[in-house]
Protein chains: 2
Amino acid sequence: MQSNKPTESELQILQILWEFGPSSVRYVNDKLNDTREVGYTTTLKIMQIMSDKDLVSRDTTQRTHIYSSHVSEDHTQQNLLSSFINSAFRGSATKLVMQALGTDKATTEELQEIKDLIAKIEKTKS
Amino acid sequence: MQSNKPTESELQILQILWEFGPSSVRYVNDKLNDTREVGYTTTLKIMQIMSDKDLVSRDTTQRTHIYSSHVSEDHTQQNLLSSFINSAFRGSATKLVMQALGTDKATTEELQEIKDLIAKIEKTKS
DNA sequence: AAGTATATACGAATAACTTCGTAGTTGCAA
DNA sequence: TTGCAACTACGAAGTTATTCGTATATACTT
């Protein structure tokens, strides 16, 4: 069970590892630099810290270490979400959902998915 | 237009101002202490900073200053939400909604509200 | 009027996170 | 085999946010 909340920088790195799989520091740093400027050793340092915290594991058998996410995207999102709901929406997930739907340009398919989920939830309520 | 992101502490204070309306530092500090221990001058300092940032306005005509939120709850939530969706859900509001619904114990009424909203959105799509 | 309680202001310590310089190692290419 | 490129490790500076001690002013109570 992993409940350690990643910091903003750590989360950005996790996103990359989730999307592209196990990667070197160089690769992650390049991806980060697609969106913002950040030095190589900065990325290295943060990934080392993440390794200490067990947010990632690393393979050090080669000179170039390969890092893998050690926490699942779903669990991490779930943790972040629940603390976000508490801090920003006073605990009301429904309020958050309403706001998110209100401004999102969800596709028809996505709306259908959501409706299906709601139907499923309603079923368990009876 | 106010897009300055409040910090965690500032947000807690805003929540209190939103819920109870214009308040003194003493009042806010007491409310904060319902959930966590925090010194009076700490709360004072943060509220002064918030005043500098224009997150709150204050009435200083009396010895006991009265602080009011200067940003709306909805707008603030909207800002926080959109940056949260980007940082934690790679921009997918739908994914967030699905996760939020998945673990929330929404009441039947709330689910109905959400369904109504979806219906309304679908209508604008045709 | 004196003493106590309650305010604000402000500077500085602490803490958490980010950033980067520098040193040292290893591999590769001329 | 020398020199350059790319890697890790590490310490320390920089940044932002939080916390609180202390000074000072104002009101209330007896």
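If you're wondering where the values come from, they're calculated on a predicted model, not measured in any experiment.
The CD-C1' distance, from B:Glu37 to D:dT18, rounds to 15 Å in whole Å. The nearest whole Å value for the distance from the CD atom in A:Gln62 to the P atom in D:dA6 is 18 Å. Rounded to an integer number of Å, the gap from B:Glu8 CD to D:dT16 P is 18 Å. The CD1-C1' distance, from A:Ile49 to D:dT8, rounds to 14 Å in whole Å. The distance between atom CD1 of B:Ile13 and atom P of D:dA17, rounded to the nearest whole Å, is 14 Å. Atom pair B:Ile46:CD1 and D:dC20:P shows a separation of 10 Å (rounding to whole Å applied). Across the protein-nucleic acid pair, A:Met47 atom CE and C:dC17 atom C1' stand 17 Å apart, rounded to whole Å. In this structure, CZ of A:Arg58 is placed 12 Å from C1' of D:dC7, rounded to the nearest angstrom.
Nearest heavy atoms, A:Ile46 versus A:Ser9: CD1-CB, 3.6 Å. When all heavy atoms of B:Thr94 and A:Ala106 are compared, the closest pair comes out as OG1-CB, 4.0 Å. Closest approach of A:Val56 to A:Ser69, counting heavy atoms only: CG1-CA, 4.2 Å. Summarising the geometry of B:Leu117 relative to A:Gly102, their closest heavy-atom pair is CD2-N, 4.5 Å, with the distance given to 0.1 Å.
Residue B:Gln48 places no side-chain N or O under 4.0 Å from the OP1 or OP2 atom of C:dT8. Here A:Tyr40 does not reach the OP1 or OP2 of C:dT19: none of its side-chain N or O atoms lies under 4.0 Å away. Of the side-chain N and O atoms in A:Thr42, one or more sit less than 4.0 angstrom from OP1 or OP2 of C:dC20. In this model, the phosphate group of D:dG21 is not approached by any side-chain N or O of B:Thr41 to a distance below 4.0 Å at OP1 or OP2. Between A:Thr7 and C:dC17, a side-chain N or O to OP1/OP2 separation shorter than 4.0 Å is absent.
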List, with names and distances, any nitrogen or oxygen atoms from the protein found under 3.5 Å away from nitrogen or oxygen atoms belonging to nucleotides 11-13 of chain D.
residue	atom	partner	partner atom	Å
D:dG11	N7	A:Lys45	NZ	3.3
D:dG11	O6	A:Lys45	NZ	3.3

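In the set C:dT8, D:dA9, C:dT19, C:dT8 carries the atom at the smallest distance from any side-chain atom of B:Leu44.
The side chain to side chain contact (heavy atoms under 4.5 Å, CB included) check on B:Ala93 picks up A:Asp104, B:Ile85, with sequence neighbours excluded. Under the side-chain hydrogen bond (donor to acceptor under 3.5 Å, both in side chains) criterion, A:Thr43 pairs with A:Asn29, not counting sequence neighbours.
Counting only residues at least two apart or in different chains, ring-ring contact (aromatic ring centres under 6.0 Å, His included) contacts with residues 80-108 of chain A comprise A:Phe84-A:Phe89, A:Phe84-B:Phe84.
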### Task
Please step through side-chain hydrogen bond (donor to acceptor under 3.5 Å, both in side chains) for the pair A:Gln112 and A:Asp116, ending with a clear verdict.
CA-CA 6 Å; A:Gln112 188 56 51; A:Asp116 290 348; 3.0 Å; yes
### Message
Run A:Asn33 and A:Glu37 through side-chain contact (heavy atoms from CB on, under 4.5 Å) and show every step you take.
### Response
CA-CA 5 Å; A:Asn33 276 275; A:Glu37 197 173 330; 4.1 Å; yes
### Query
Can you give one letter per nucleotide of nucleotides 24-30 of chain D, 5' to 3': B if a protein heavy atom sits under 4.0 Å from the base, S if only from the sugar-phosphate, - if neither?
-BBS---
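Using a 4.0 Å cut-off on heavy atoms, the residues of residues 16-36 of chain B that approach DNA chain D are B:Arg36, listed by number.
Between A:Leu80 and A:Leu11 there is a side-chain heavy-atom pair separated by less than 4.5 Å.
For B:Lys31 and B:Glu19, the salt-bridge test fails: no basic side-chain N is under 4.0 Å from an acidic carboxylate O.
Side chain to side chain, B:Asp74 and B:Ser72 fail the donor-acceptor criterion of an N or O pair below 3.5 Å.
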